[in-house]
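Working notes, beginning with the structure itself.
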Amino acid sequence: MAAAIETKQLTKTYKSKSRNLTVVDKLDLHVEEGEIFGFLGPNGAGKTTTIKMLLSIIEATSGEGYILGKELGDFDVHKLISYVPERPYYYEYMTGLEILKFYGSLFGISDVAHMQNLLERVGLADARNTNKTINQYSKGMQQRIGLAQALLNDPKLLFLDEPTGGLDPIAHREIRDLILGFREEGRTVFISSHELSEVELICDRVAIINHGVIVAQGKLTDLLAGGRVEILVGKLDRGVFSDMKIEDGNIHDTPAGVLFDVPEGSDVNAIIDGARAKGGQVVSIVPRKKRLEDLFVEAVRNK
Amino acid sequence: MKPVIAIAKATVGEAIRRRVLLIILFIAVLLLLVAPLLGVLSARQEQTVLTGFVLGIVQLSSAVIAITLTVYMLPNEVERRTIYTILSKPVQRWQFLIGKYLGAVSALAIMMGLMAVVSVLEFGVFHQDWAKGISLLQAYGMFFVQMSLLASVAICLSTFVAPLVNFFLTGGIYLIGTLGYAFFDSFNKNPNSPALGKGLAFVVSSILPNFASYNVQNPLINPETTIQNPTMYAINAVLYGVFYIMIMLIIGMLMFDRKEV
């Protein structure tokens, strides 16, 4: 599949008199066309700087990058992409439709029917014919306007910065459904977010950036492989199992009994049989799938 | 050109709703309305004092509006991140800057236009001297060029100077450019002035915009002071303004193009 975004050793260094600060360091990103890609990282990791470079708002210090096959800085790319910033601000005196007219005019688009369709699509059908200005909109409505303006030029690639940040659960779900709809339409979506549970639900692949360096990148299913199984055995204590060896596993005493924490795929039956042979009673067997949060914390801490 | 016009229109819409500008405008209009009361304080002809006062109010408040309007324009767009949404569209940085400038100048024109209408009505209605009121429009035209020039200086500086510094810097340039030229002129004509001082005065007066060219209060207050060819004078002043504005905007565009936003 062709790459929607490809960067090679992309670096951004801010130079000042006293020191040079490398915010993004030799970034190698690969985002395939038609996928939802999650770009994760703690605050100050370099996410926004990366997005600004990809949008050609700032220039990279070194390295190269391609958006939809065109080199970074190619002005024509701007006709094919869109961006919704975190906590977007729009000219407050404008109505929803006026916002779309304004952004439309930057593309030379003046089709009001198209704009009204977009308002309807993002769930702002009521805003089409009202004089309600943007400062009277809720946070969720402003986010929807952001998505509507981002769809004006029928983009192939959308950059969404914290698209669900600060929204209530219902708005969360609605925005999530819209984003999933973009993938159905064949668009590529690049999401920068802290909302790991959200990313886990909708992204095909992710990259985790920390201190400007990519610490993990790949398919979510691959990255999250390697879960654990927890077996709780009552009526015994850890000492009984002192001679038992489990590869990559741990045995802990808990108030409810002995807890076996073993890798997914271990011989669980053998552990259960061994525990029962020693008079133990199996209380529970809980498979623990690896979560994005675990991966994120692991990746960021290891760095 | 469409993006430039769209950005200019949005800028006007925002500027004419900015509370701080509306307060300045309100005070200016209020002062214009109470101006006739001040005539009785002077022994000179009432209308002469009134003319000077009215022109002074319009010029001073326009300068404050022009500076306040433009120094925060670009920094606000960066702080609120609207600039990122706009620059991610097919909009060049120079188009953004020119759009913002044209929007600022248009908003300034609207506000100055309102003050002009109030002052013309004041002369026409209260003093039954419509001719005098209308004659002020020429002065306002010159003021408008002056303020457009001032706005271009502020917007140019805003590409590399913090807003507060820009406010005082642009204000300082305006004061020197308005009042300093007479000083530089007399300094240069004085045979006792040191050569180094003369050279310095020449350099400063060559770099800074000559805002004094647009101050037409004196001929209006003192009709005996005449300009030989007022039309040529006005054309020269406007051309000088346009030329200087272009220089400021080109410098601004070059700086803004390299700016890390």
Side-chain angles (χ1 to χ4, degrees), chain A residues 12-16 21 23 48-49 51-61 67 74-95 98-99 101-110 133-135 145-146 149-150 152-153 155 157-159 161-162, chain B residues 1-22 69 72-100 102-104 106-107 110 159-160 162 253-261:
Chain A
K12 181 69 191 177
T13 303
Y14 289 102
K15 290 172 184 162
S16 69
L21 181 67
V23 183
T48 304
T49 305
I51 291 181
K52 282 188 201 170
M53 283 194 283
L54 297 176
L55 293 170
S56 299
I57 289 173
I58 57 171
E59 251 180 73
T61 312
I67 302 285
D74 187 327
F75 189 64
D76 287 340
V77 170
H78 293 266
K79 292 171 188 162
L80 307 169
I81 63 172
S82 263
Y83 171 56
V84 182
E86 183 186 0
R87 292 192 301 277
Y89 174 93
Y90 300 106
Y91 296 115
E92 288 184 340
Y93 68 92
M94 290 183 181
T95 64
E98 283 168 346
I99 291 277
K101 283 181 182 171
F102 167 67
Y103 283 104
S105 61
L106 301 180
F107 287 102
I109 297 168
S110 54
T133 51
I134 208 84
N135 56 352
I145 276 291
Q149 67 81 18
L152 274 165
N153 58 323
L157 169 62
L158 285 117
F159 290 89
D161 200 351
E162 297 288 354
Chain B
M1 198 59 189
K2 274 183 182 174
V4 174
I5 294 167
I7 292 164
K9 277 165 76 177
T11 305
V12 174
E14 209 178 32
I16 59 171
R17 287 170 178 84
R18 269 184 68 186
R19 222 166 277 171
V20 62
L21 299 179
L22 293 178
L69 177 63
Y72 289 100
M73 207 166 249
L74 293 181
N76 275 354
E77 295 279 347
V78 175
E79 195 182 315
R80 297 180 313 200
R81 291 186 289 270
T82 31
I83 193 167
Y84 303 134
T85 325
I86 293 172
L87 292 182
S88 66
K89 310 265 187 263
V91 177
Q92 303 273 17
R93 284 189 178 210
W94 68 265
Q95 292 177 313
F96 182 76
L97 189 90
I98 297 294
K100 295 305 287 182
L102 291 178
S106 306
I110 293 169
T159 58
F160 57 96
M253 285 189 282
L254 291 172
M255 297 301 291
F256 190 51
D257 202 46
R258 291 155 181 261
K259 191 179 170 73
E260 299 276 5
V261 291

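Within every chain, numbering begins at 1; the chains are lettered A, B, ... in the order of the sequence lines, protein sequences first and strands thereafter.
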Query raised in the report: Does the side chain to side chain contact (heavy atoms under 4.5 Å, CB included) test come out yes or no for A/Leu106 and B/Ile86, once each step is laid out?
Result: CA-CA 8 Å; A/Leu106 301 180; B/Ile86 293 172; 4.1 Å; yes
Requested in this report: Please assess A/Ile57 against B/Arg93 for the test side chain to side chain contact (heavy atoms under 4.5 Å, CB included), listing each intermediate value before the final yes or no.
Outcome: CA-CA 9 Å; A/Ile57 289 173; B/Arg93 284 189 178 210; 4.2 Å; yes
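We find the NZ-CD distance between A/Lys52 and B/Glu260 to be 8.5 Å, quoted to the nearest 0.5 Å. Residue B/Tyr84 holds its OH atom at 11.5 Å from CD1 of A/Ile51, rounded to the nearest 0.5 Å.
Proximity to chain A (any heavy atom under 4.5 Å) is shown, for B/Glu79, by neither the backbone nor the side chain. Of the two parts of B/Ile7, the backbone and the side chain both hold a non-hydrogen atom closer than 4.5 Å to a non-hydrogen atom of chain A. Neither the backbone nor the side chain of A/Glu98 comes within less than 4.5 Å of any heavy atom of chain B. Proximity to chain A (any heavy atom under 4.5 Å) is restricted, for B/Lys9, to the backbone atoms N, CA, C and O.
With a 4.5 Å cut-off on side-chain heavy atoms, B/Pro90 and A/Lys79 count as touching. Contact of the A/Tyr89 side chain with the B/Asn76 side chain is not registered, since no non-hydrogen atoms from C-beta on lie closer than 4.5 Å.
Across B/Lys259, B/Glu14, B/Gln95, the residue that shares the most heavy-atom pairs under 4.5 angstrom with chain A is B/Glu14. When each of A/Tyr93, A/Phe107, A/Tyr83, A/Phe159 is checked for heavy-atom pairs under 4.5 Å with chain B, A/Tyr93 comes out on top. Contacts with chain B were tallied for A/Phe75, A/Tyr91, A/Tyr14; A/Phe75 has the most, counting heavy-atom pairs under 4.5 Å. Between chain A and the options B/Gly99, B/Pro3, B/Gly13, the largest number of non-hydrogen pairs under 4.5 Å is found for B/Gly13.
The residues B/Arg80 and A/Glu92 are annotated as not salt-bridged, no charged nitrogen and carboxylate oxygen being separated by less than 4.0 angstrom.
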